[in-house]
Chemist: 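What follows is a structure written as structure tokens; I'll ask about it next.
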Amino acid sequence: MSIKYAEAEPATTDATKYVGRAVDRIDGPAKTTGEARFAAEYSYPDLAYAALVHATIPRGRITAIDTAAARAVRGVIDVLTHESTPAMKPPPKPSVLDLSSMVAGTSVNYLGTDEVHWNGQPIAVVVAETPETARYAASLVRPAYQELPAATDFEAEKHHAVPQKSSLISEASANKGDAPAALAAAPYAVDLTFSTPPQSHNAIEPHASTAVWDGDRLTLHEGTQNIPWTRRHLALRFGVPEKGIRILSPYVGGGFGGKGSVWAGTLLAVLAARVTGRAVRLALTRESVYHTVGGRTASTQRVALGAEADGRLTALIHTSVSRTGRTGGSGEQITAGSRHLYAAPNIHLQQNVVQLDLLANTFMRAPGESIGTFAMESAVDELAWKLGMDPIELRMRNEPERDPLGGQEFSGRRLREAYALGAERFGWHARDPRAGAMRDGKWLVGMGVATAYHPSLQMMASVTVRLEAAGTLVVRCGLHEMGMGTATVQAQIAADEMGVPLEQVRVEYGDSDLPPGPQAGGSMQTATAAAGVLAACAKLKRTLTGLARRAPGSPLRGTRPADVQARDGGLYAGGRGLTYKELLSAAGRDHVEAEVKGSTLAFMAKFLRERRKWVKAATGAHFCEVRVDPDTMEVRVSRWLGVFDAGTIINARTAASQLRGGIVMGLGMALSEHTLIDPRNGRVVNPSLSEYHLPVHADVPHIDVEWLNEPDPNMPLGLRGIGEVGITGVAAAVANAVRHATGKRVADLPITLDKLL
Amino acid sequence: MKVNGDVAALDVEPWVSLLDALRERLGVTGPKKGCDQGACGACTVLADGVRINSCLALAVQYDGQEITTIEGVDHPLQEAFVRNDGLQCGYCTSGQICSAIGMLAEHAAGMPSAAGGSGALTEDEVRERMSGNLCRCGAYNGIVDAIMEVAR
Ligand code: FES
Ligand code: FES
């Protein structure tokens with residue numbers, strides 16, 4: 001066959017790369033036309049609707065459950081209770097040998113027990129022909145209980161907290177030198193107690209599942225941050241082969257950690273479909289989300305700092321109490337940031353945890369770090385007041401050269417630059433250092449800073465890349481898209497690696513039939529997938545180069561592989577080369593594929609090896625300006641700047657959005673968010689979007705974000721995850737600005753006006 | 001009632017919300033359900049051009065009216081949202097866009113707001129008038145930029 005080879009093209013420069021550019025998100029059109037379909041939006045001819053009945057006691061047993069009235073409603077198909085329904089297999093015990101065992105939100109075997117472990121636990125499921133019928137009939141189910149004593153009051157129980165155990169991934173304590181003695185001897189010291197309330201993710205898409213069985217094969221439409229573990233978990237719980245389960249999750253309407261575990265709604269939808277033989281949709285009400293999906297723990301924290309007159313820290317103490325549920329959840333890494341932020345010679349860190357009879361807590365955007373940085377960064381600010389020193393200057397005097405605890409090198413850390421750039425851009429020099437001295441009309445104006453910190457991690461992913469005869473490059477990996485721009489950034493990376501136009505790359509994701517991706521959590525997905533895509537592309541290039549060197553008449557015959565570059569839609573060496581289309585046609589192939597497989601063992605080995613050498617993290621400097629109404633003490637955030645040292649930024653547009661998104665959630669944490677739990681009975685009393693106050697348009701000013709764009713020497717493409725670093729430090733920056741405006745230190749979130757009056 | 005230009009004959013119980021009628025009976029899933037209580041705006045549609053929370057509306061009340069959901073929208077805002085990254089997960093987006101269309105019409109008609117009024121459309125006006133539409137992903141800046149771009 002004779003083929004025409006392309007003319008030589010000029011060498012590619014960085015300006016032609018996609019990585020780093022502000023590329024529109026690939027799924028933007030689908031999301032702005034209504035074409036994007038979420039888990040509750042798949043229709044089946046025999047679709048039935050499920051609704052949950054929730055327990056109204058915190059702990060006890062169900063002694064009877066009367067379903068007659070519910071069953072009598074026309075259109076009700078079945079009412080599932082522990083009396084009527086065959087139990088699922090119990091959830092597995094968490095084990096590091098099978099990481100998927102960690103995906104269970106709680107250890108409760110729903111409808112497999114008469115035990116009630118929290119107020120709101122689902123105890124029955126109504127399946128009906130319409131959603132209205134299911135909801136109405138659910139309100140008619142009448143349980144009777146034997147109540148048992150329950151510990152539901154965090155304030156009362158926190159004194160029973162015990163030291164949290166360290167895990168392979170996260171350490172719960174640290175000691176260096178003698179921090180208490182150093183604190184006692186310090187000429188300047190602060191010793192503060194902080195408290196933070198429970199908070200809820202409140203993704204605007206409530207959790208929803210559409211489950212369809214065909215024999216032992218299950219199709220599940222589900223918004224999840226963890227497709228592979230969810231699939232494995234369901235296989236275990238229902239005693240069916242894993243390969244017969246298909247999970248489809250192309251769009252997730254926000255997750256923030258709340259869709260990272262398997263909660264009751266998913267299991268009960270699948271169970272209801274199994275029992276009734278119908279396709280079942282269980283779209284949780286907002287209230288049901290509060291009752292079945294864990295949220296952020298409440299915390300109480302102590303931060304004590306001792307310093308010399310010149311600001312150098314001599315003692316750093318950070319201790320915390322968080323809570324879990326008796327049937328699940330885990331202690332949060334509240335002091336994790338404090339391990340790495342300041343060069344104190346004496347450090348004491350200790351996380352404690354208490355079990356309550358409440359729904360398990362779970363990861364919510366920067367679990368631990370978001371509330372831990374609130375306490376630490378507020379205390380540093382308070383120390384600056386005590387010393388009469390600029391709070392940025394105080395931080396810079398304590399900026400460590402190496403990790404304060406482990407002595408490892410930082411894998412690149414440019415907090416000094418971040419603060420310097422931020423101070424200049426924000427006009428920090430215009431800040432009058434006195435409290436309450438700045439005014440704009442009647443408004444009290446305050447400016448505050450705080451440091452952001454989140455570790456950079458990487459998991460394992462399996463990725464396939466396939467070059468098709470038409471020139472399309474297909475990237476296949478079961479990634480999760482909850483708004484981070486997942487497909488877009490991986491397409492950019494693959495396009496650069498293979499030298500093809502972005503429009504020719506298609507990323508397939510959100511499907512359990514694809515090679516398993518990493519979970520979307522811990523800010524790990526992008527880096528993990530990038531490493532997989534880079535490795536798969538390298539492999540594909542090698543295969544293609546081999547073909548090009550052998551293909552009859554190929555201008556690359558005899559060239560050295562090392563001289564061959566992937567660019568301009570083909571392979572080129574010096575002035576010679578051929579397009580991929582030409583190459584595949586010459587080689588008589590309709591596609592060429594390369595695959596890399598992720599391995600848990602290799603991941604753990606790499607993680608432990610690297611941890612001894614480097615501390616890797618995304619950091620940043622938040623600058624906040626508030627206006628406080630002197631009559632009502634209402635706080636309005638008027639300006640914001642975040643400068644981040646977050647490694648290589650892959651997509652300037654989606655990255656800015658993600659960082660802003662973290663900051664906006666941090667503003668909610670600072671000023672309004674609070675999941676109110678009745679201390680007497682453990683019931684969430686504001687399970688709605690009208691009484692749980694998220695930031696709205698009017699609460700959010702223009703948020704400036706900048707980054708240093710300095711690659712991390714030890715991360716793929718030099719990138720660091722940015723999903724969580726944005727929220728860390730935000731609440732402290734607000735509190736510090738309020739302190740500057742009003743002279744008052746609020747150490748108890750959220751900063752509502754009653755605390756300032 | 002007419003949905004996105006097509007006549008839809010619907011026989012629903014009086015208690016069925018417009019949102020459920022659209023999503024569950026007609027398969028029009030562009031309008032989203034975030035709270036079912038009028039608190040989030042994800043379900044916003046246009047009824048004869050006026051923005052409403054379809055979860056708070058009963059389907060039978062809209063007999064004979066023209067309902068426009070995101071599927072029936074063809075507006076420069078849609079591209080502006082993509083260009084300005086006024087979205088992340090996309091779940092609030094249908095509601096934000098429908099709401100913005102209704103809001104621009106309200107403003108043009110001189111409807112006042114708590115932010116001050118009916119003069120030129122400022123960013124603060126947009127923020128105030130769009131505050132019924134929550135975005136947990138925090139895409140607010142991009143949304144305001146997109147609306148300002150189109151309003152100009
Ligand atoms: S679903 Fe209608 S306002 Fe939330
Ligand atoms: S884009 Fe996710 S809630 Fe707005």
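Labels below follow one simple rule: chain letters A, B, ... track the order of the sequence lines, proteins then strands, and each chain is numbered from 1.
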Chemist: Between A/E287, A/H201, A/E691, which residue shows the highest count of heavy-atom pairs closer than 4.5 Å to chain B?
Modeler: A/H201

Chemist: I need the minimum non-hydrogen distance between B/C35 and A/L689, along with the two atoms involved.
Modeler: CB-CD1, 3.9 Å

Chemist: Counting only heavy atoms closer than 4.5 Å, note whether A/V700 contacts chain B via side chain, backbone, both or neither.
Modeler: both

Chemist: Given that the side chain runs from C-beta out, which part of A/V696 has a heavy atom under 4.5 Å from chain B: side chain, backbone, both or neither?
Modeler: both

Chemist: Heavy-atom distances under 4.5 Å only: say whether B/A42 touches chain A with side chain, backbone, both or neither.
Modeler: side chain

Chemist: Given a strict heavy-atom distance threshold of 4.5 Å, which part of B/I97 is in contact with chain A: side chain, backbone, both, or neither?
Modeler: side chain

Chemist: Counting only heavy atoms closer than 4.5 Å, note whether B/V16 contacts chain A via side chain, backbone, both or neither.
Modeler: both

Chemist: Looking only at heavy atoms, what is the nearest atom pair of A/M482 and B/C89, with distance?
Modeler: O-CB, 3.1 Å

Chemist: Highest number of heavy-atom pairs under 4.5 Å with chain B: which of A/D699, A/N202, A/D27?
Modeler: A/N202

Chemist: Would you call B/D20 and A/R135 a salt bridge, using N to O less than 4.0 angstrom?
Modeler: yes

Chemist: May I ask you to check whether over 12 heavy atoms, not counting those of A/Y136, lie within 6.0 Å of atom OH?
Modeler: no

Chemist: Which region of B/D85, side chain (C-beta onward) or backbone (N, CA, C, O), has a non-hydrogen atom less than 4.5 Å from a non-hydrogen atom of chain A, or is it both or neither?
Modeler: both

Chemist: Considering only heavy atoms, which portion of A/S690 lies under 4.5 Å from any heavy atom of chain B: side chain, backbone, both, or neither?
Modeler: both

Chemist: Within this structure, what is the CZ-OG1 distance for the pair B/F81 and A/T33, rounded to the nearest 0.5 Å?
Modeler: 13.0 Å

Chemist: For residues B/R136 and A/P695, determine if any side-chain heavy atom of one lies less than 4.5 Å from a side-chain heavy atom of the other.
Modeler: yes

Chemist: Measure the spacing between CD of A/E205 and SG of B/C137 and express it to the nearest 0.5 Å.
Modeler: 10.5 Å

Chemist: So for B/Q96, is it side chain, backbone, both, or neither that comes closer than 4.5 Å to the heavy atoms of chain A?
Modeler: side chain

Chemist: With a 3.5 Å distance limit and no angle check, can you tell me whether B/Y91 reaches the backbone of A/F38 through a side-chain donor-acceptor pair?
Modeler: no

Chemist: So which part of A/R37 gets closer than 4.5 Å to some heavy atom of chain B, the side chain, the backbone, both or neither?
Modeler: side chain

Chemist: Does the pair B/Q88 and A/R25 meet the rule for a side-chain contact (heavy atoms from CB on, under 4.5 Å), with working shown?
Modeler: CA-CA 9 Å; B/Q88 292 185 39; A/R25 58 181 75 228; 3.9 Å; yes

Chemist: Heavy-atom cut-off 4.5 Å, strictly under: side chain, backbone, both or neither for A/P701 against chain B?
Modeler: backbone

Chemist: Determine whether more than 12 heavy atoms belonging to other residues, nucleotides or ligands lie under 6.0 Å from atom CG of B/D74.
Modeler: no

Chemist: Which bit of A/S43 is near chain B, if near means a heavy-atom gap under 4.5 Å: side chain, backbone, both or neither?
Modeler: neither

Chemist: For B/Q65, does the CD atom have more than 12 heavy-atom neighbours from other residues, nucleotides or ligands under 6.0 Å away?
Modeler: yes

Chemist: If we only count heavy atoms from C-beta on, is the A/P131 to B/E24 side-chain gap below 4.5 Å?
Modeler: yes

Chemist: Please identify, among A/L47, A/L667, A/D24, A/T32, the residue contributing the most non-hydrogen atom pairs under 4.5 Å to chain B.
Modeler: A/T32

Chemist: Can you tell which part of A/F256 gets under 4.5 Å to a heavy atom of chain B, answering side chain, backbone, both or neither?
Modeler: side chain

Chemist: Under a 4.5 Å heavy-atom cutoff, which of B/G34, B/G138, B/G72 has the most pairs with chain A?
Modeler: B/G34

Chemist: Could you tell me which portion of A/Y42 (side chain, backbone, both or neither) has an atom closer than 4.5 angstrom to a non-hydrogen atom of chain B?
Modeler: neither

Chemist: Can you say whether B/E71 sits under 4.5 Å from chain A via the side chain, the backbone, both, or neither, judging by heavy atoms?
Modeler: both

Chemist: Can you tell which part of A/A40 gets under 4.5 Å to a heavy atom of chain B, answering side chain, backbone, both or neither?
Modeler: both

Chemist: Is the number of heavy atoms from other residues, nucleotides or ligands within 6.0 Å of CG (A/D440) greater than 12?
Modeler: yes

Chemist: Within the structure provided, determine whether A/H697 and B/I143 are in side-chain contact (heavy-atom separation under 4.5 Å).
Modeler: yes

Chemist: Any salt bridge linking B/D36 with A/R286? Criterion: basic side-chain nitrogen under 4.0 Å from a carboxylate oxygen.
Modeler: no

Chemist: Looking at B/L87, B/I70, B/V82, which hits side chain to side chain contact (heavy atoms under 4.5 Å, CB included) with A/K31?
Modeler: B/L87

Chemist: Among B/G30, B/P31, B/G132, B/G90, which has the most heavy-atom pairs under 4.5 Å with chain A?
Modeler: B/G90

Chemist: Considering only heavy atoms, which portion of A/E41 lies under 4.5 Å from any heavy atom of chain B: side chain, backbone, both, or neither?
Modeler: both

Chemist: Considering only heavy atoms, which portion of A/T130 lies under 4.5 Å from any heavy atom of chain B: side chain, backbone, both, or neither?
Modeler: side chain

Chemist: In terms of heavy-atom pairs under 4.5 Å with chain A, which of B/L77, B/V144, B/T93 leads?
Modeler: B/T93

